[in-house]
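Presented below is the structure to which this report refers.
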Number of protein chains: 2
Amino acid sequence: MISQSSSEASICLAVPQADAEQAERALKRAFRAWMSRGEVEEIAVRGGVGLIAAVGLGMAQTPGVSARLFAALARRKINVLAIAQGSSELNISLAVEQAQVAEAVRAVHHEFGLHLMDAGEDGGRRMDLILLGFGKVGQAVARLIEARKDEIARRVGLEPRVVAVGDRSGFLLEPRGLSGEALEEAARQKNAGQPLVRQEGGKLGSFGVLVRAALSYRLSRPVVVELSDAEGSEEVFEQALSRGADVVTANKKPLAGPRAGFEALWRAMQASGRLLKAEATVGAGLPVVDTLDMLLATGDRLTGAQGCFSGTLGFVTARLEEGAKLSEAVSEAKERGYTEPDPAEDLAGMDVARKALILGRLSGIAPDEGCVSLTGLVPQEWIGRPWPALLAHLQGRDEALAAEVREAKERGLRWRFVATVEPGKIVVGPTLVPADSALGGLKGTDNMIVFRSDRYEARPLVISGPGAGIEVTAMAVLGDILRVAAQRS
Amino acid sequence: MISQSSSEASICLAVPQADAEQAERALKRAFRAWMSRGEVEEIAVRGGVGLIAAVGLGMAQTPGVSARLFAALARRKINVLAIAQGSSELNISLAVEQAQVAEAVRAVHHEFGLHLMDAGEDGGRRMDLILLGFGKVGQAVARLIEARKDEIARRVGLEPRVVAVGDRSGFLLEPRGLSGEALEEAARQKNAGQPLVRQEGGKLGSFGVLVRAALSYRLSRPVVVELSDAEGSEEVFEQALSRGADVVTANKKPLAGPRAGFEALWRAMQASGRLLKAEATVGAGLPVVDTLDMLLATGDRLTGAQGCFSGTLGFVTARLEEGAKLSEAVSEAKERGYTEPDPAEDLAGMDVARKALILGRLSGIAPDEGCVSLTGLVPQEWIGRPWPALLAHLQGRDEALAAEVREAKERGLRWRFVATVEPGKIVVGPTLVPADSALGGLKGTDNMIVFRSDRYEARPLVISGPGAGIEVTAMAVLGDILRVAAQRS
């Protein structure tokens with residue numbers, strides 16, 4: 001390697017360490033006369049230097065390669081001692097401290113994804129999405145992204161592209177991107193009873209396998225988007241984060257499991273410098289998580305959050321208030337498709353408790369699952385029992401509950417299924433609230449969140465509206481993807 | 001310039017164009033024997049090449065200089081033909097197409113801010129804030145930033161630093177950053193009646209002069225933060241955007257002036273690739289603007305927005321509902337300090353109309369000020385008249401308004417001061433709403449916004465809470481600064 005910059009004040013040569021002494025002697029001999037006249041100031045040898053060469057046909061005529069190369073080195077604080085790139089543009093050589101060579105090579109390898117398989121094209125201005133879950137929400141997200149991709153590219157400067165979709169059976173993976181038509185066809189087949197693994201190109205494997213497979217390609221700003229209700233995704237998230245992907249989740253379970261798992265996930269996020277976004281986990285499209293995040297980021301302190309987080313239980317509440325019996329209200333909700341196939345899943349309140357725990361954890365005020373005291377409309381044990389048995393059980397409670405709702409009303413109170421998050425304490429279950437409070441005014445299937453904080457102490461910040469639905473959930477997910485994109489563009 | 005990369009496959013020399021032919025002949029002569037044996041393949045001359053040298057003592061031992069240099073060139077799609085950096089690290093030489101030399105030099109000058117005055121230190125991981133307005137909100141923002149700066153640096157990777165503050169009188173400008181103590185002292189003096197121009201180092205000049213002066217320094221990710229209620233700031237914003245600053249405003253006026261001015265500002269934002277954020281202009285700390293932005297960004301279409309945007313008018317409304325007379329309610333609000341010094345300013349509803357127009361413009365559904373139909377509790381003409389005269393006028397309306405509120409109540413309606421934004425139409429004034437609607441349930445001084453959209457059609461998205469106050473306004477401003485930081489880090 002030879003380098004003389006245009007100042008012409010010095011010429012720098014790299015020779016093997018073993019030859020350095022001999023080279024120095026030879027040069028000193030050759031330049032003796034110049035040196036004695038002061039025309040050459042010194043012949044100096046710097047040892048412990050290593051050379052790195054980036055070589056590739058694609059480098060010629062590709063502006064930006066040098067920029068990425070030097071940026072990768074700068075991020076690791078590696079100082080470049082000398083540079084040479086000949087006019088062939090196929091090779092850039094760098095001299096760095098020998099001790100930093102290994103790290104420099106790793107940095108460059110990572111920057112250009114040389115430790116990964118080739119995805120078939122360069123990164124460009126794209127954001128590659130890996131969708132976990134391909135049911136109604138997953139399909140809605142895929143469609144929304146396809147429909148909005150040009151607008152998103154215009155807004156955030158990155159074009160989103162779905163490179164993989166997975167379901168319980170397996171996955172489709174195409175590192176160069178699944179086309180809108182391919183995704184539509186996959187959805188059509190899936191909705192016709194053909195799980196992904198049985199579709200053309202379908203592969204067998206869990207979400208973990210899918211994420212590892214996808215991230216073994218040289219993807220561009222990969223984001224893992226969890227749209228299923230699977231258990232155990234927290235481990236998949238940890239892997240994704242540690243492999244350089246951001247994570248967006250609509251699935252509550254990975255954030256509402258044992259505290260140790262949640263904390264490990266949070267640490268993985270912080271260590272990786274990646275993002276974990278979860279707006280859709282509470283209130284679907286309502287801006288609950290982002291508002292909480294903004295309160296905390298600007299230095300507010302949450303003192304309490306209270307809310308109704310179940311459209312199903314909201315409907316039942318409203319019918320009770322209108323004088324319907326519990327068993328009638330639940331039957332009606334079931335008939336209208338407002339409940340899970342097994343209504344006990346809604347009535348037991350586990351889903352509400354998960355949302356409350358997520359708020360407790362994201363705010364930091366009640367991170368432990370031991371904080372949660374849940375009183376469902378039926379106990380957990382009722383989940384999985386036959387509907388007629390559940391109905392009979394509810395009928396047995398009709399009288400007492402109707403009386404409770406009526407008496408509350410007479411006392412200026414309202415019966416609601418409320419989650420209350422306070423420092424160290426989460427209470428979820430039927431609660432009487434003042435008729436003229438925000439929660440007392442809540443109607444029908446709407447969700448509501450009431451934030452109290454240092455700044456919103458006397459009067460709370462309240463957000464309400466439909467807290468479930470395919471479209472608004474997909475919107476919340478896309479909102480999180482855009483927030484990630486803003487930081488990655 | 002000489003460059004041979006470590007592949008040793010070629011050596012590249014730069015010589016003046018005039019010497020090129022002679023150099024070629026000399027080299028061909030010297031290497032004739034090698035060439036005939038095929039040991040040297042060819043001696044080729046490439047004309048039309050220019051050299052650029054980046055020279056500076058600060059380059060040695062500063063990782064990242066090369067990265068910024070090459071990134072600046074890559075952004076302009078300038079291809080680097082050859083590179084040489086000797087081991088002195090004081091000089092990097094680049095060969096580029098002669099035709100691109102001028103643009104390359106401009107790109108590098110801009111990257112390192114060489115067209116600007118030296119701010120006295122390198123850019124680093126900072127975000128330089130220029131605060132316009134140093135009243136209660138301005139001081140609160142300065143304090144909040146000072147208190148949160150380490151936490152902000154941790155969150156977004158950029159340390160915020162106030163480099164200038166301005167008021168109506170003039171400004172303080174310190175490109176290396178005003179310390180927390182300096183800002184406290186400036187606030188103390190200002191609150192003791194000493195405007196900024198009369199303080200030590202204070203300079204005379206409008207916000208426009210301040211912004212131009214500040215942006216003539218080599219600032220790091222400058223953000224202009226407008227916290228006054230001055231007129232005409234839209235022009236200051238345009239200048240700021242075109243000079244590379246992002247803008248955050250709590251001042252409604254620049255967004256609620258004539259449509260042409262708003263649209264010029266919007267075009268300036270888009271042309272500059274900078275951001276203009278305005279969360280604090282509607283509902284203070286309530287997440288109104290960001291929620292609207294997220295709806296639109298994810299492909300929703302606003303069909304209407306309705307709200308109560310005045311705490312003062314909310315208080316008056318609540319008192320009327322409790323049976324107080326209009327004149328009593330306004331007197332009470334005035335005594336409690338809920339109104340402007342001249343209560344007619346609140347009663348005329350201009351401030352509410354401005355907020356509605358901002359929503360009409362940001363959503364795009366009612367951008368023209370001609371859309372606005374405003375019916376104040378008193379006409380505009382009452383602004384500026386003496387309080388006794390206003391009081392007498394209000395007393396004259398006590399009876400009629402009390403009857404209106406009472407009759408509404410009997411019909412299951414509520415009297416509210418409402419802004420309604422619909423496609424092409426903004427109506428602001430007293431409105432009767434159903435008692436069981438979201439607006440009908442609004443209490444006291446709280447603000448409320450009700451968004452209806454394609455996705456929130458049957459049931460709206462509702463946000464409510466205190467919509468004014470120093471602390472929550474400062475919070476909204478800091479929230480916007482953080483959103484800008486996320487995209488600049």
Side-chain angles (χ1 to χ4, degrees), chain A residues 1-7 10-12 46 51 53 55 61 63-64 66-67 70-71 74 77-89 91-93 144 147-148 155 286-287 291 294 297-300 441 446 455-456 459-466 471-472 475 478-479 482 486-487, chain B residues 1-7 10-12 46 51 53 55 61 63-64 66-67 70-71 74 77-89 91-93 144 147-148 155 286-287 291 294 297-300 441 446 455-456 459-466 471-472 475 478-479 482 486-487:
Chain A
M1 172 172 165
I2 307 171
S3 185
Q4 179 199 304
S5 43
S6 57
S7 66
S10 70
I11 297 182
C12 145
R46 176 167 189 166
L51 293 188
V55 184
Q61 308 299 337
S66 308
F70 288 103
K77 305 231 183 292
I78 290 162
N79 208 22
V80 176
L81 306 174
I83 306 168
Q85 179 201 297
S87 59
S88 69
E89 298 178 50
N91 179 314
I92 299 180
S93 301
L144 186 57
R148 303 279 307 158
R155 271 189 180 252
L286 301 179
T291 297
M294 207 40 81
T298 58
D300 206 357
D446 276 357
R455 294 191 193 125
Y456 291 100
R459 291 174 297 146
L461 191 167
V462 182
I463 299 166
S464 65
E471 290 300 307
V472 290
M475 179 180 86
L478 180 54
L482 292 177
Q487 301 210 22
Chain B
M1 172 173 166
I2 307 171
S3 183
Q4 180 199 304
S5 43
S6 58
S7 65
S10 70
I11 297 181
C12 144
R46 175 168 191 167
L51 293 188
V55 184
Q61 308 299 339
S66 309
F70 288 105
K77 304 229 180 296
I78 290 163
N79 208 22
V80 176
L81 305 173
I83 306 167
Q85 180 199 296
S87 58
S88 70
E89 297 178 49
N91 179 314
I92 299 181
S93 302
L144 186 57
R148 304 280 304 158
R155 271 190 180 251
L286 302 179
T291 297
M294 208 39 81
T298 59
D300 206 356
D446 276 357
R455 294 192 191 123
Y456 290 100
R459 291 175 296 146
L461 190 167
V462 182
I463 299 166
S464 65
E471 288 302 306
V472 290
M475 178 180 89
L478 180 54
L482 293 177
Q487 300 210 23

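As the structure is a prediction and not an experimental result, all values here were calculated from the model. Side chains included, hydrogens not; waters and symmetry mates left out as well; all remaining heavy atoms used. Naming convention: chains lettered A, B, ... in sequence-line order (proteins, then strands); numbering from 1 in each chain.
In this structure, the side chains of B:Asp446 and B:Pro466 come closer than 4.5 Å at one or more pairs of heavy atoms.
Counting heavy-atom pairs under 4.5 Å between each of B:Ala486, B:Pro287, B:Gly465, B:Gly479 and chain A puts B:Ala486 at the top. Per-residue counts of heavy-atom pairs under 4.5 Å with chain B were compared for A:Met294, A:Met475, A:Glu471; the largest is that of A:Met475.
For a residue to count as touching a neighbouring chain, one of its non-hydrogen atoms must lie under 4.5 Å from one of that chain's; by this rule B:Arg459 touches chain A with backbone and side chain alike. For A:Leu144, the part lying near chain B is the side chain, with the backbone staying farther off; criterion is any non-hydrogen pair under 4.5 Å. Residue A:Ile463 touches chain B through both its backbone and its side chain, counting heavy-atom pairs closer than 4.5 Å. For chain B, the nearby part of A:Arg155 is the side chain; its heavy atoms alone come within less than 4.5 Å.
Shown here are the side-chain hydrogen bond (donor to acceptor under 3.5 Å, both in side chains) partners of B:Arg455, two or more places apart in sequence or in another chain: B:Thr298. By the side chain to side chain contact (heavy atoms under 4.5 Å, CB included) test, A:Val462 is found to be paired with A:Ala438, A:Met448, A:Val450, A:Pro460, B:Ser464, residues two or more places apart in sequence or in another chain being considered.
Separating the CG atom in A:Leu461 from the CG atom in B:Leu286 is a distance of 5.0 Å, to the nearest 0.5 Å.
Between A:Asp300 and A:Tyr456, the shortest heavy-atom contact is OD2-CD1, 4.1 Å.
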